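Counting convention: from 1, in listed order, for ligands and their atoms alike. Just so it is clear, the structure is predicted and the values come from calculations on it, not from any experiment.
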Amino acid sequence: MSAFNHRYKLKVEALGKSFTLHNRGGVRVQGFENVNFSLRCGELLALHGPSGAGKSSILKTIFRTYLADSGSIRFHRNNNPEVDLASCPESHVLDLRRREIGFVTQFLKILPRVSALDAVAYPLIEIGTDEEQAKEEARKMLTQLGIREELFKLSPLTFSGGEQQRVNIARGIIAPKELILLDEPTASLDQKSSEVVLRLLDQLKQRNIAMIAIFHDQRKIEQIADVAVAIGRNEI
Ligand SMILES: Nc1ncnc2c1ncn2[C@@H]1O[C@H](COP(=O)(O)OP(=O)(O)O)[C@@H](O)[C@H]1O
Ligand SMILES: [Mg+2]
C-alpha cells in the first residue's frame with residue numbers, strides 16, 4: 001500500500017520535442033515545448049487542445065516511441081526504483097511496456113489474420129498467463145465492450161472503426177499496468193460504446209491505475225478526468 005502514498009506516479013517537467021525532417025533539408029518542426037504536469041495513482045489526466053498541438057507526440061514520448069529533446073518524465077514505479085522515461089536506457093523500455101506502461105493507440109495496429117480474441121489475449125500470454133485463461137479473460141473483456149461473440153474468431157481488420165477501437169482498448173488494458181496512455185479512446189465510438197469505455201476507465205481508476213488520455217469532448221473530460229491539461233502551440 002505504501003507505494004500508493006507517493007506524491008505522484010508520473011511527473012513531467014519542462015518536456016520538449018522537435019522533429020528534424022532530414023528529407024526536407026533538415027527543417028525543424030516543433031512537436032511540443034515546456035510541458036509540465038503530474039499525476040497520482042488512480043487519477044485520469046486529460047490532455048486537450050487543437051489538432052497539431054503535440055498531444056499524441058507527448059504520449060509517444062512518455063511511451064518512448066519518441067525520445068524527448070529536453071525535460072524529464074519521472075515515473076514512480078510500484079516495485080522498482082523511479083525511472084526518468086526521457087533518459088532511461090533503451091534496454092529498460094521493453095520491460096516497462098510489458099509490465100508497467102500500456103498504450104492504447106489511436107488506431108489498431110495488428111498483423112492480418114490474427115483473430116480479435118488472440119489479439120486481445122496476447123498481452124496476457126506475453127507476461128506468462130496460461131493461454132486458456134488469457135483467452136477466457138479476453139472473451140470477458142470483448143463481451144463487456146459489446147463485441148459480438150461471432151466476431152471473436154475474425155480479424156479485427158475487417159471490423160468497423162468503432163469495433164476496431166474497442167478491440168484496441170481491450171488489448172491495451174487487459175494486462176495489469178501501473179500507467180495507461182490512451183490516444184483519443186472514444187473518438188470513433190457512438191454514445192453507448194463511449195459510455196462503456198468511460199465506465200471501464202473508471203474501474204481502472206478504482207484499481208489505482210494512473211491514466212493519461214486525449215479527449216476532444218469537454219463533457220467527457222468533465223465526466224472522467226481528475227485533471228485537465230491544455231496543450232497549446234506557442235508561436236516561435
Ligand atoms: N514523427 C514525426 N515527424 C515529424 N513531425 C512530427 C512527427 N510526429 C509529430 N510531428 C509533428 O508534431 C506536431 C504535433 O503533432 P501531434 O502530436 O500529432 O499533434 P496532436 O496529437 O495534438 O494533433 C505536428 O506539427 C506534427 O506534424
Ligand atoms: Mg493526435
### Message
Regarding ligand 1, does Gly52 bring an N or O atom to under 3.5 Å of one of the ligand's N or O atoms?
### Response
yes
### Query
Should the proximity of Phe32 to ligand 1, defined as any heavy atom under 4.0 Å, be assigned to the side chain, the backbone, both, or neither?
neither
Compile the donor-acceptor pairs under 3.5 Å between side chains in residues 195-206 and protein atoms, sequence neighbours left out, one pair per line.
from	atom 1	to	atom 2	distance (Å)
Glu195	OE1	Gln223	NE2	3.2
Lys205	NZ	Ile224	O	2.7
Lys205	NZ	Asp226	OD2	3.1

### Message
Considering both backbone and side-chain atoms of Phe19, is one of its nitrogen or oxygen atoms within less than 3.5 Å of a nitrogen or oxygen in ligand 1?
### Response
no
### Query
Around the Mg ion (ligand 2), how many protein N, O or S atoms are closer than 2.8 Å?
1
### Summary
So the atoms of ligand 1 within less than 4.0 Å of a heavy atom of Leu21 turn out to be 4 (C)
### Polar contact flag, side-chain donor to acceptor under 3.5 angstrom, Asp183-Ser56
yes
#### Entry: Atom OH of Tyr122 with >12 non-hydrogen neighbours under 6.0 angstrom
no
### Message
Between Glu131 and Lys135, does any NZ, NE, NH1 or NH2 come within less than 4.0 Å of an OD or OE carboxylate oxygen?
### Response
yes
### Query
With no hydrogens and no angle check, is any side-chain donor or acceptor of Arg64 less than 3.5 Å from a backbone partner on Leu85?
yes
### Query
With a cut-off of 6.0 Å (strictly less than), are more than 12 heavy atoms of other residues, nucleotides or ligands near CZ of Phe107?
no
### Message
For Ala116 versus Leu151, what's the shortest heavy-atom pair and its separation?
### Response
CB-O, 4.0 Å
### Subset of ligand 1 atoms that lie under 4.0 Å from at least one heavy atom of Pro50
22 (O)
### Those atoms of ligand 1 less than 4.0 Å from some heavy atom in Ser56
17 (O), 18 (O), 20 (P), 21 (O)
### Task
Using distance alone, determine whether Ala53 and ligand 1 share an N or O pair under 3.5 Å.
yes
### Query
In the single-linkage hydrophobic clustering (I, L, V, M, F, W, Y; side-chain heavy atoms under 4.5 Å), do Leu189 and Val167 co-cluster?
yes
### Query
Out of Glu100, Arg99, Lys9, which residue meets the side chain to side chain donor-acceptor pair (under 3.5 Å) rule with Asn78?
Lys9
